[in-house]
Amino acid sequence: MKRVLSGIQPSGSLTLGNYIGAIQNFVKLQHTHQCYFMVVDLHAITVPQEPKALREQTESVAALFVAAGIDPEKANVFLQSHVPAHAELGWIMTTLTHMGELERMTQFKDKSSGKESVGAGLFVYPSLMAADILLYNADLVPVGDDQKQHLELTRDLAQRFNQRFGEYFTIPEPYIPEVGARIMSLDDASNKMSKSNPNPGSYIALLDPPDVIRKKISRATTDSGREIKYDVKAKPEVSNLLSIYSQCAKLSIANIEAKYEGQGYGQFKKDLAEHVIATLEPIQQRYREIRSSGKIIDILDKGAQRASEAADETLRNVKERMGFLLRG
Ligand code: TYM
């Protein structure tokens, strides 16, 4: 069975972008692949985190995985920090990574630009991400468009290791959806929808109540025209709303364009809000049940146990190939 790995940072409320670009594909792939889905808390601390908030967010993201439909009996749901092999292979991958490769990463450039002091962890972040993927010899990595460059580096590092130390790592393929790989911000369609945006009106959080969703969508920026047409260059805002509509209502974009032909944005936005609510309400309901049941700790424990078995074996093989003297 082919293997899948992906991760999400616990660094704020998850957004509809995370759901459409990543989580809904996690749910799909669990039926056909051996899956590892983790909350990447070690990545989250590459920018300062308040301990109490980090703890709460970590548990919340894990619960959202399950609430969104990941079955912990089918897929391994765990925390990155519960499997120490991540940090260890992360270090090894850092030593194989070139400074120039890290300097070219657009996510690093975006996150560090204008900052007075930037943590070194933010710089080596992609090497740890490569370790995450390679530890499980993942064939497929479901991610949104913004992670493509990190995936390319992972592939390069796997090839570099294989060349130097003999064929070992699987070269992973990205799994990026055609529609929804880059959901944009509601207030500015030139930025991606992001949980770290200080304006909550710019994103829909997975736990936003229905009225908040209605308000955010009704206030979403559009152009001064009235045509509902997918054209990213000429109508970026409307195109973004069409992508969201298509993913939540499970209708093709052409189908939605036809449905609203000759109508303005008002009805379109109203209906869109209802489709988003219908997508998120069952997740929110299950989320509340899981949080109050206290089951998540047990799920994460079991997930970490199974993930450790696979990860420890890889790490041992890697160290052996590299010439580390192993413990007897
Ligand atoms: P993170 O936490 O920023 O985002 C988690 C996932 O959600 C996708 N995503 C989006 N997709 C569509 N539209 C958006 N607006 C949007 N915003 C976020 C991201 O592409 C991602 O798939 N580096 C990763 C976490 C990570 C990881 C890994 C991923 C660590 N190790 C190993 C895959 C494999 C990150 O920061 O994702």
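Numbering of ligands and ligand atoms starts at 1, following listing order.
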Any atoms of ligand 1 less than 4.0 Å from a non-hydrogen atom of Ala22? List them with their elements.
6 (C), 7 (O), 22 (O)
Taking 4.0 angstrom as the limit and counting only heavy atoms of His43, give me the atoms of ligand 1 inside it, by number and element.
30 (C), 31 (N)
With a heavy-atom distance limit of 4.0 Å, tell me whether Ile133 approaches ligand 1 through its side chain, its backbone, both, or neither.
side chain
Give the residue and atom name of whichever protein heavy atom lies nearest to atom 15 (N) of ligand 1, and the separation in Å to one decimal.
Ile183 O, 2.8 Å
Output yes when the distance from some N or O of ligand 1 to some N or O of Asn18 is under 3.5 Å, and no in every other case.
yes
For ligand 1, which part of Arg182 has a heavy atom less than 4.0 Å away: the side chain, the backbone, both, or neither?
backbone
Of the backbone atoms (N, CA, C, O) and the side-chain heavy atoms from C-beta on, which set of Ser194 has a member under 4.0 Å from an atom of ligand 1: side chain, backbone, both, or neither?
neither
Using 30° and 60° as the class limits, which term best fits the ring planes of Phe26 and Phe37: parallel, tilted or perpendicular?
parallel
Show your reasoning for whether side-chain contact (heavy atoms from CB on, under 4.5 Å) applies to Thr222 and Leu241.
CA-CA 9 Å; Thr222 44; Leu241 296 181; 4.1 Å; yes
Would Glu274 and Arg214 pass as an ion pair if we require N to O under 4.0 Å?
yes
Is the closest side-chain donor-acceptor distance between Gln285 and Glu289 under 3.5 Å?
yes
List in chain and number order the residues that pass ring pair (Phe, Tyr, Trp, His ring centres under 6.0 Å) with His275, two or more places apart in sequence or in another chain; answer none if no residue qualifies.
Tyr245
Minimum heavy-atom separation for Tyr36 to Ala307, with atom names?
CE2-CA, 4.0 Å
Between ligand 1 and Gly144, is the shortest N or O to N or O distance under 3.5 Å?
yes
If we ignore angles and hydrogens, is there a donor and acceptor under 3.5 Å between the side chains of Asp132 and Gln80?
yes
What I want to know is whether Asp132 and ligand 1 share at least one N or O pair that is separated by under 3.5 angstrom.
yes
Before accepting this row, confirm whether a basic side-chain N of the pair Glu56/Arg291 lies closer than 4.0 Å to the acidic partner's carboxylate O.
yes
Please report which non-hydrogen protein atom sits nearest to atom 25 (C) of ligand 1, along with the residue it belongs to and the distance in Å to one decimal place.
Gly7 O, 3.5 Å
Can a salt bridge be assigned to the pair Arg104 and Glu152 using a cut-off of 4.0 Å between side-chain N and carboxylate O?
no
Identify the closest protein heavy atom to atom 1 (P) of ligand 1: which residue and atom is it, and at what distance?
Lys195 NZ, 3.9 Å
Does ligand 1 have any atom sitting under 4.0 Å from a heavy atom of Pro126?
no
Which residue and non-hydrogen atom of the protein lie closest to atom 23 (N) of ligand 1, and at what distance in Å?
Tyr125 OH, 2.6 Å
Check the side chains of Tyr287 and Ser60 for a donor-acceptor pair under 3.5 angstrom, ignoring hydrogens and angles.
yes
protein heavy-atom neighbour closest to atom 32 (C) of ligand 1 works out as Leu5 CD2, 3.6 Å
Based purely on interatomic distance, does Gly17 place a nitrogen or oxygen under 3.5 Å from a nitrogen or oxygen of ligand 1?
yes
For atom 37 (O) of ligand 1, what's the nearest protein heavy-atom neighbour? Residue, atom name and distance, please.
Gln147 NE2, 3.8 Å
Provide the number and element of each atom of ligand 1 under 4.0 Å from a heavy atom of Met193.
14 (C), 15 (N), 17 (N)
Who gets closest to atom 20 (O) of ligand 1 by heavy atom: Asp145, Val40, Ile176, Asp146?
Asp146
Counting from 1 in the order shown, the ligand 1 atoms closer than 4.0 Å to a non-hydrogen atom of Ala181 are 11 (N), 12 (C), 13 (N)
Given salt bridge (charged side-chain N to carboxylate O under 4.0 Å, His left out), test Asp298 with Lys302 step by step and report yes or no.
CA-CA 6 Å; Asp298 191 43; Lys302 291 209 174 87; 3.1 Å; yes
Considering both backbone and side-chain atoms of Met184, is one of its nitrogen or oxygen atoms within less than 3.5 Å of a nitrogen or oxygen in ligand 1?
no
Here the atoms of ligand 1 under 4.0 Å from any heavy atom belonging to Val141 are 33 (C), 34 (C)
Electrostatic pair Glu88:Lys319 at N-O distance under 4.0 angstrom
yes
I'd like to know if the side chain of Asn199 pairs up with that of Asp187 as donor and acceptor (distance under 3.5 Å, no hydrogens or angles considered).
yes
Please list, in number order, the atoms of ligand 1 under 4.0 Å from a heavy atom of Gln9.
2 (O), 35 (C), 36 (O)
If we only count N/O pairs under 3.5 Å, is Lys192 in contact with ligand 1?
no
Atoms of ligand 1 close to Gly21 [distance to a heavy atom under 4.0 angstrom, numbered from 1]:
11 (N), 12 (C)
Atoms in ligand 1 flagged as close to Ser6, the criterion being non-hydrogen separation under 4.0 Å
29 (C), 33 (C), 34 (C)
Do any N or O atoms from the side chain of Arg306 and from the backbone of Asn76 form a donor-acceptor pair under 3.5 angstrom?
no
Kindly assign one of parallel, tilted or perpendicular to the pair His86 and Phe78, based on the angle between their ring planes and the thresholds 30° and 60°.
tilted
